[in-house]
Protein chains: 2
Amino acid sequence: MPDTLSQTFAALADPTRRAMLARLADGEASVSELAEPFRAEMSLPAVTKHLKVLERAGLITKTKQAQWRPCKINPLPLKDASDWMQQYRRIWEESFDRLEEYLKTVKAKKKAQGKKNDRSK
Amino acid sequence: MPDTLSQTFAALADPTRRAMLARLADGEASVSELAEPFRAEMSLPAVTKHLKVLERAGLITKTKQAQWRPCKINPLPLKDASDWMQQYRRIWEESFDRLEEYLKTVKAKKKAQGKKNDRSK
DNA sequence: CGGTTAATTAACCACATGGTTAATAATAGT
DNA sequence: ACTATTATTAACCATGTGGTTAATTAACCG
């Protein structure tokens with residue numbers, strides 16, 4: 001019984017499931033509609049399993065409509081995961097700043113080098 | 001060999017590894033320093049394995065210093081994962097707006113109800 | 001050299017994950 | 001009632017994950 005955040009990240013750690021979420025971002029879809037892009041690569045039960053992972057993570061909710069199971073995206077866990085990540089924003093921005101700084105010094109050096117080599121006729 | 005994003009999310013799907021990242025956000029730390037908070041819960045080889053997962057995901061880099069292996073956080077994959085998530089920002093903001101709207105109508109209804117029940121003497 | 005500290009590797013185990021095929025359920029439509 | 005469609009469940013398999021203990025490597029220190 002892992003915590004919510006772990007379940008969310010685990011659910012996102014699969015390209016098939018991320019593609020399904022992307023599809024659901026455009027609106028509800030039934031299981032077979034979600035399965036359609038993967039029909040060549042995997043069977044329907046495999047799709048059902050992926051959806052179950054997304055459901056247990058709270059990223060989607062399945063409803064009933066005749067013999068269809070329309071799925072709907074639930075963005076809350078995504079927001080929570082995103083909020084968690086923002087903790088580290090400071091760090092990647094710092095590291096980007098350091099990179100910028102470094103590139104500036106490299107460019108400065110290059111310029112000096114250029115001058116040194118400037119024996120144009 | 002899963003894609004980068006999958007490896008990142010998989011690495012983040014474990015509270016121990018997230019705690020290690022949090023520690024590394026405050027600066028470099030050796031393996032045993034990183035292990036310290038977990039000494040009661042798990043052995044050193046377990047820690048080594050977690051670090052290997054983080055390393056393969058590109059979230060940390062290990063260097064050498066005598067018999068120590070100082071680890072440093074590398075925020076790039078975190079930024080990429082965060083950027084990916086921002087796709088869904090629209091959705092959770094929309095759903096928040098809908099919730100707000102709903103709460104407004106509920107409050108309005110409550111008020112009306114209150115009036116109806118107002119037979120104070 | 002010999003001992004200590006830091007960390008990894010090896011070998012193993014239980015359990016989860018991602019897939020399969022075959023069988024089953026549930027609803028719609030005629 | 002029968003058949004087709006949609007989806008799930010069951011049973012199975014290979015591989016990955018998270019942990020263990022014991023052995024090994026590598027560097028320092030006296």
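In what follows, every heavy atom counts, from backbone to side chain, and hydrogens, waters and symmetry copies are set aside. None of the values given here were measured: they were computed from a predicted structure. Residue numbers begin at 1 in each chain, while the letters A, B, ... track the order of the sequences.
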If you fit an axis to the five pairs at each end of the helix from C:dC1-D:dG30 to C:dT30-D:dA1, how big is the angle between those two axes, to 10 degrees? 10°

Whole Å only: how far is the [atom1] atom of [X] from the [atom2] atom of [N]?
| X | N | atom1 | atom2 | result |
| --- | --- | --- | --- | --- |
| A:D14 | D:dG16 | CG | P | 14 Å |
| B:F38 | D:dG18 | CZ | P | 13 Å |
| A:R39 | D:dA7 | CZ | P | 11 Å |

Do any of residues 16-29 of chain A sit with a heavy atom less than 4.0 Å from DNA chain D, and if so which? none

With respect to the phosphate group of D:dT17, does any side-chain polar atom (N or O) of B:H50 fall under 4.0 Å of OP1 or OP2? no

Electrostatic pair B:D83-B:K79, nearest N-O below 4.0 angstrom: yes

Listed pairs, N/O of protein and of nucleotides 4-9 of chain C, under 3.5 Å:
residue	atom	partner	partner atom	Å
C:dA6	O3'	B:Q67	O	3.2
C:dA7	OP1	B:V31	N	3.3
C:dA7	OP1	B:R69	N	3.1
C:dA7	OP2	B:S32	N	2.8
C:dA7	OP2	B:S32	OG	2.3
C:dT8	OP1	B:K62	NZ	3.0
C:dT8	OP2	B:T48	OG1	2.9
C:dT9	OP2	B:K52	NZ	2.3

Looking for any heavy atom pair under 4.0 Å, which part of the strands does B:Q65 touch: base, sugar-phosphate only, or nothing? nothing

Remember a base hit wins even if backbone is also touched, and classify A:A46 as base, sugar-phosphate or nothing at under 4.0 Å, heavy atoms. base

Which pairs pass salt bridge (charged side-chain N to carboxylate O under 4.0 Å, His left out) with one or both residues in residues 27-52 of chain B, sequence neighbours excluded? none

What pairs meet the ring pair (Phe, Tyr, Trp, His ring centres under 6.0 Å) rule with one or both residues in residues 30-87 of chain A, with sequence neighbours excluded? A:F9-A:W84, A:W84-A:Y88

A:E93: what forms a salt bridge (charged side-chain N to carboxylate O under 4.0 Å, His left out) with it, not counting sequence neighbours? A:R89

